[in-house]
Student: 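I'd like to ask some things about the structure below.
Computed over heavy atoms, backbone and side chain alike; hydrogens, waters and symmetry mates excluded. Numbered from 1 within each chain, the chains take letters A, B, ... in sequence-line order.
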Amino acid sequence: MEDNKNIAKTYDPSGFEDRIYNEWCEKGYFHATPSPDKKPYTIVIPPPNVTGQLHMGHALDETLQDILIRYKRMQGYCALWVPGTDHAGIATQIKVEEELRVKEGKTRYDLGREKFLERVWDWKNLYGNRIINQLKKIGSSCDWDRERFTMDEGCSKAVREVFVNLYNKGLIYQGSRIINWCPHCITALSDAEVEHAEQAGHFWHIKYQVKDSDEFVIIATTRPETLFGDTAVAVNPEDERYTHIVGKTLLLPLTDREIPVIADEYVDKEFGTGCVKITPAHDPNDFEVGMRHNLEQIKVMNDDATMNKYAGKYEGMDRYECRKAMLADLAEMGLLVKTEDHSHNVGQCYRCGTTVEPIISKQWFVKMKPLAEPAIKAVKNGDTKFVPERFSKTYMNWMENVFDWCISRQLWWGHRIPAFYCQDCGETTVSKEDIVTCPRCGGKVKQDEDVLDTWFSSALWPFSTLGWPEKTEDLDYFYPTSTLVTGYDIIFFWVSRMIFSALEHTGKAPFEHVFIHGLVRDSQGRKMSKSLGNGIDPLEIISQYGADALRFTLATGNAPGNDMRFYIERVEASRNFANKIWNASRFTLMNLDITENKLPENLSLEDKWIVSKYNSLVKEVTENLDKFELGIAVSKLYDFIWDSFCDWYIELVKPRLFDKGSESAISAQYVLTYVLSNTMKLLHPFMPFITEEIWQHLPHEGESIMISEFPKYDAALNFPEAEKEMELIMSAISAVRNRRAEMNVPPSKKAKLIIVTEKENVFKGGEVFFQKLASASDVEIAADRGTVPANAVNIVVEGAELFLPLSELVDKDKELERLNKEKKELEGEIKRVEGKLSNQGFVAKAPQKVVDEERAKGEKYREMLEKVEASIKAMENM
RNA sequence: GGGAGUUUAGCUCAGCUGGGAGAGCGUCUGCCUUACAAGCAGGAUGUCACAGGUUCGAGCCCUGUAACUCCCACCA
């Protein structure tokens with residue numbers, strides 16, 4: 001280490017953050033080795049997608065995790081933070097396809113599956129590494145030796161194991177059902193991957209003629225183009241308007257098909273015309289109705305949402321083009337009777353925003369009911385606890401109403417579905433290992449072309465990363481994990497699926513706590529997004545202000561689960577705080593002759609005060625970290641460091657320190673060192689770099705602050721009397737400063753200060769502070785007012801009366817005005833206290849402590865009032 | 001149609017199990033005081049959304065109202 005006393009004048013994080021991070025890495029502090037005499041504390045990272053780079057939301061997520069991990073590590077836990085990235089099926093594939101299109105004008109089909117996947121792996125290597133480096137910049141203390149990827153060998157093995165197990169239990173099945181289809185991504189989507197948005201649309205009323213009759217029924221639809229897939233019109237069986245036509249046949253317009261009128265409870269008599277066209281292949285409800293009535297399912301669109309042959313002359317048109325054209329035709333034929341405005345919810349692909357098409361399709365599904373049940377129980381009985389608690393409601397709500405999960409995707413990037421179809425006998429074989437021949441007939445097999453939903457593999461993350469399905473030492477020691485830190489936006493996607501997967505495959509809930517945070521928004525409260533261009537790059541902030549400032553900003557002023565606004569002024573404030581710490585440390589180091597870090601034998605009043613305050617801080621920080629109240633913990637640290645330590649303690653001990661070589665100077669150095677270095681430990685989880693840098697310069701034991709012991713509350717360091725006394729002195733000093741400011745006494749002007757008090761000991765102890773901090777050149781402690789000059793300015797504080805003989809500055813009328821104002825205020829206070837105390841209910845029912853406090857206050861105010869009244873009298877007699 | 005959240009100083013937000021309203025930024029005044037002007041000292045600013053209720057006592061608990069936000073939901 002360089003010369004201890006010579007650290008830079010201004011905080012410059014770029015000078016040491018990278019160096020320190022590399023040292024930690026090289027020393028292997030991030031690596032966790034299972035140890036029987038330590039308790040494990042495990043976090044698995046929510047793996048960022050390898051689609052691009054980290055945004056502010058990641059920065060928040062990683063910061064919170066790192067705070068917890070560092071805290072637990074310092075507390076002596078075997079703390080493991082498993083890092084990794086997610087292959088992010090659709091998202092990544094879209095990116096690579098986009099790049100391919102822009103750079104080479106090709107599609108994935110031009111390359112073919114194999115070549116295309118090579119490109120995606122190149123992409124993954126490039127961006128995966130970039131993300132890892134960004135994580136490091138933030139200071140994340142992940143165990144890099146255990147870095148994982150959702151498509152690496154181990155995870156792939158886990159995926160296969162799970163798929164086969166679930167299939168064998170009948171919990172994975174293949175079926176033709178209505179799924180959400182994205183015509184742009186050309187793949188099925190799960191319900192969770194569809195976002196609903198209110199859209200202005202229309203309600204078209206179309207006439208269907210009753211066969212062999214002049215009668216018509218009018219159906220109302222928002223999707224006229226699905227008409228070609230209609231296989232019935234349904235009415236409510238109770239609807240008397242239509243009873244007579246149930247069972248009759250209708251002529252389906254624009255086609256030569258005939259469809260029946262059926263009666264089904266599903267139809268709401270009050271809504272629309274009470275007649276519903278039934279299109280089993282394009283609507284989930286109609287699908288159900290179709291099943292009940294044994295209706296044909298006619299799919300009228302291709303995978304890209306163009307119309308197929310069933311649309312007759314409209315074949316080949318896009319669905320919306322077709323809609324326009326057919327409506328025009330219907331209008332011409334007089335079959336379009338009404339067009340109403342109608343706004344309704346439309347599903348959109350969460351990746352590309354394209355309106356999804358509900359469509360019947362053969363896909364793989366996970367049967368959810370049997371899996372959801374234990375997952376509900378695990379949260380109900382507290383095996384997994386959400387923080388804040390309210391999010392368990394969100395979770396329950398979803399879990400209790402969950403539908404089967406569509407897990408197949410018509411993509412290339414992902415885990416290939418391990419199902420093999422025999423070309424000869426048609427047998428489907430699901431297998432952990434790849435097979436080439438049919439186990440039944442020996443014929444040639446072909447693997448399913450589709451891949452699994454990304455979330456299928458992320459659902460296994462807490463245990464697949466620890467070695468499952470192998471029975472590894474890691475799995476045994478670190479699993480179940482301790483805390484999952486993530487945003488509320490992926491509770492359904494991810495958290496819930498990890499919970500039921502873990503319970504099913506490991507028999508244990510995957511984590512004890514789910515610590516939920518909110519979204520990082522821009523300064524106007526909008527979501528940060530590419531399209532708005534309002535995103536702020538965390539790396540940009542780090543290079544400008546340092547990782548510590550960014551982390552501090554993200555950890556401060558935010559309650560769990562709430563969104564936060566991010567703006568640069570907050571980062572500046574954090575940087576200023578870092579600078580404050582830097583300079584307080586610089587000051588301490590400049591005045592240091594000692595080489596040991598311990599408390600001195602004899603503590604002065606202010607020493608006891610700061611040590612006692614520090615001790616309470618330890619308690620508060622620890623308690624709040626244990627409650628996941630990171631924002632509160634860090635603000636306590638801020639207040640202590642800035643207000644107590646810098647603004648008061650350092651100022652108070654300056655006279656001692658400047659008395660070079662004295663015993664008092666040395667003991668002050670010990671206290672400064674002790675309090676500062678331990679405070680750095682408390683702050684280390686939040687601001688790892690600056691705290692390490694400072695701790696290294698201060699006298700210390702051990703190699704690094706990050707593996708030092710987190711401070712513990714120590715009852716022996718509690719000095720309540722000293723705190724009380726210091727508070728009297730501090731408020732007296734503030735009062736003097738205040739009076740001087742009001743009277744416009746130049747700061748350079750020293751004055752005499754006479755303190756009249758019965759508590760001579762207290763104020764005598766603070767005499768030197770009064771001299772220095774209250775700009776007094778001479779302080780006299782007196783037992784009575786005998787020595788006070790007639791026209792001195794008087795200040796009444798608790799326990800004393802202070803006089804400033806600044807006769808030349810005194811304006812008698814003004815002074816009287818001020819004194820009368822004070823008198824009035826005190827009378828008000830006394831009235832309030834007496835009101836309370838004369839209330840029988842209060843005295844009888846309030847806790848004794850509260851009542852005593854009120855009594856004490858009353859006494860204090862009465863005492864002060866007496867003094868103020870005396871001063872008024874004295875002033876008037878002048 | 002369900003569910004959740006928010007409403008506190010000009011702005012952004014804290015306020016733990018009910019016991020005299022807080023921070024940062026901004027603003028005003030005075031200071032380049034030998035750690036820090038990214039600073040120091042001092043000041044101003046609040047019917048804690050509204051209305052009831054419980055309580056000796058409510059920003060906090062209960063009921064209702066309003067505004068905003070978000071999530072979930074198969075009304076064609």
Student: Mind checking whether Phe587(A) and Phe658(A) have parallel, tilted or perpendicular rings, split at 30° and 60°?
Tutor: perpendicular
Student: Roughly how many Å is it from CD in Glu198(A) to C1' in A73(B), rounded to a whole number?
Tutor: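 Distance, rounded to whole Å: 13 Å.
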Student: Work out which heavy atom in Arg241(A) is nearest to a heavy atom in Gly274(A); give both atom names and the distance.
Tutor: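 For Arg241(A) versus Gly274(A), the nearest heavy atoms are NH2-CA, 4.0 Å.
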Student: Expressed as a whole number of angstroms, how long is the span from Leu652(A):CG to A35(B):C1'?
Tutor: 15 Å
Student: Reckon Cys275(A) touches a base, only the sugar-phosphate, or nothing at all at heavy-atom distances under 4.0 Å?
Tutor: nothing
Student: With a 6.0 Å cut-off on ring centres, are Tyr638(A) and Phe686(A) close enough?
Tutor: no
Student: Establish whether the base of C74(B) is bridged to the side chain of Asn285(A) by a donor-acceptor pair shorter than 3.5 Å.
Tutor: yes
Student: So, OP1 or OP2 of G43(B): does either fall under 4.0 Å of a side-chain N or O from Asn738(A)?
Tutor: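 Result: yes.
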Student: Whole-Å distance between C36(B) C1' and Trp648(A) CH2?
Tutor: 18 Å
Student: So what does Arg575(A) hit on the nucleic acid, given a heavy-atom distance under 4.0 Å: a base, only sugar-phosphate, or nothing?
Tutor: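 Contact class for Arg575(A): base.
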Student: Could you summarise the pairing of RNA chain B as dot-bracket text, marking Watson-Crick and G-U pairs under 3.5 Å with ( ) or [ ] inside the strand and | across strands?
Tutor: (((((((..((((.....[..)))).(((((.......))))).....(((((..]....))))))))))))....
Student: If you check the Trp642(A) side chain, which of G5(B), G39(B), G24(B) turns out closest?
Tutor: G39(B)
Student: Could you tell me whether the side chains of Gln669(A) and Asp593(A) share a donor-acceptor contact shorter than 3.5 Å?
Tutor: yes
Student: For a quick check of understanding: with a heavy-atom distance under 4.0 Å over all strands, which category does Phe577(A) fall into, base, sugar-phosphate or nothing?
Tutor: nothing
Student: Please determine whether a side-chain nitrogen or oxygen atom of Arg737(A) lies at a distance below 4.0 Å from atom OP1 or OP2 of G42(B).
Tutor: yes
Student: Within the pair Lys393(A) and C71(B), is there a side-chain N or O less than 4.0 Å away from OP1 or OP2?
Tutor: no
Student: When you measure from the side chain of Pro847(A), which nucleotide among A73(B), G24(B), G19(B) comes out closest?
Tutor: G19(B)
Student: Looking at Asn562(A), does any N or O in its side chain come under 4.0 Å of the phosphate oxygens OP1/OP2 on A14(B)?
Tutor: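 The answer is yes; a side-chain N or O of Asn562(A) sits under 4.0 Å from OP1 or OP2.
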Student: From the set C36(B), A14(B), G19(B), return the single nucleotide nearest to any side-chain atom of Ala559(A).
Tutor: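 Looking only at side-chain atoms, Ala559(A) lies closest to A14(B).
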Student: Whether Ser734(A) contacts G42(B) is assessed here as follows: a side-chain N or O lying under 4.0 Å from the phosphate OP1 or OP2. Is that the case?
Tutor: yes
Student: Nearest whole Å is fine: how far is C75(B) C1' from Glu265(A) CD?
Tutor: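 Answer to the nearest Å: 15 Å.
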Student: Counting heavy atoms from C-beta on, name the nucleotide in G19(B), A35(B), A76(B) closest to the side chain of Asn583(A).
Tutor: A35(B)
Student: At under 4.0 Å between heavy atoms, what does Asp283(A) touch on the DNA or RNA strands: base, sugar-phosphate, or nothing?
Tutor: nothing
Student: Respond yes when some side-chain nitrogen or oxygen of Lys277(A) is under 4.0 Å from OP1 or OP2 of A76(B), and no when none is.
Tutor: no
Student: Quote, to the nearest angstrom, the C1' distance that separates U45(B) from G24(B).
Tutor: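 About 16 Å, rounded to a whole number of Å.
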Student: Expressed in whole Å, how much space separates the P atoms belonging to U55(B) and G18(B)?
Tutor: 16 Å
Student: Would you find more than 12 non-hydrogen atoms of other residues, nucleotides or ligands less than 6.0 Å from Lys527(A) atom NZ?
Tutor: no
Student: OH of Tyr11(A) to CD of Glu693(A): how many Å apart, nearest 0.5 Å?
Tutor: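 Between Tyr11(A) OH and Glu693(A) CD, I get 10.5 Å after rounding to 0.5 Å.
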Student: From the set U12(B), C40(B), A14(B), return the single nucleotide nearest to any side-chain atom of Lys580(A).
Tutor: C40(B)
Student: Asp643(A) and Tyr649(A): side-chain donor and acceptor closer than 3.5 Å?
Tutor: no
Student: Ring centroids only, cut at 6.0 angstrom: are Phe271(A) and Phe203(A) within range, meaning strictly under it?
Tutor: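 Close enough - the centres of the two rings lie under 6.0 Å apart.
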Student: What integer number of Å spans the P atoms of A23(B) and G43(B)?
Tutor: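 Rounded to whole Å, the distance is 12 Å.
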Student: Under 4.0 Å from OP1 or OP2 of A76(B): is there any side-chain N or O of Arg223(A) that close?
Tutor: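 No, because none of the side-chain N or O atoms of Arg223(A) sits under 4.0 Å from OP1 or OP2 of A76(B).
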Student: Between G26(B) and U65(B), how far is it from one P atom to the other, in whole Å?
Tutor: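 Going atom to atom, P in each nucleotide, I get 42 Å.
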Student: Under 4.0 Å between a side-chain N/O of Arg565(A) and OP1 or OP2 of U12(B), yes or no?
Tutor: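 Answer yes for this pair, as a side-chain N or O of Arg565(A) is under 4.0 Å from OP1 or OP2.
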Student: For the side chain of Glu651(A) and the base of A41(B), is some donor closer than 3.5 Å to an acceptor across the two?
Tutor: no
Student: OP1 or OP2 of C36(B) less than 4.0 angstrom from a side-chain nitrogen or oxygen of Lys9(A), does that happen here?
Tutor: yes
Student: Tell me every residue that passes ring-ring contact (aromatic ring centres under 6.0 Å, His included) with Phe628(A), counting only those two or more places apart in sequence or in another chain.
Tutor: His513(A), Phe515(A)
Student: Other residues, nucleotides and ligands only: do more than 12 of their heavy atoms fall within 6.0 Å of NZ on Lys849(A)?
Tutor: no
Student: Looking at G39(B), I'd like to know if its phosphate oxygens (OP1 or OP2) sit under 4.0 Å from a side-chain N or O belonging to Asn576(A).
Tutor: yes
Student: Examine G19(B): is either OP1 or OP2 under 4.0 Å from a nitrogen or oxygen in the side chain of Lys845(A)? Give yes or no.
Tutor: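 Lys845(A) to G19(B) OP1/OP2: no side-chain N or O under 4.0 Å.
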Student: Check the distance between U7(B)'s P and Asp563(A)'s CG and give it to me in whole angstrom.
Tutor: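 So the CG-P distance, Asp563(A) to U7(B), works out to 13 Å.
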Student: With the side chain of Thr222(A) defined as its heavy atoms from C-beta on, choose the nearest nucleotide among G3(B), A35(B), A76(B).
Tutor: A76(B)
Student: I'd like the C1' distance from A67(B) over to A14(B), given in whole Å.
Tutor: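 Each nucleotide's C1' atom is 23 Å from the other's.
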Student: Starting at atom CZ of Arg739(A), determine the distance to atom C1' of U29(B), rounded to an integer number of angstrom.
Tutor: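 To the nearest whole Å, that distance equals 15 Å.
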Student: Nearest to the Tyr567(A) side chain among U12(B), A4(B), A38(B), which nucleotide is it?
Tutor: U12(B)
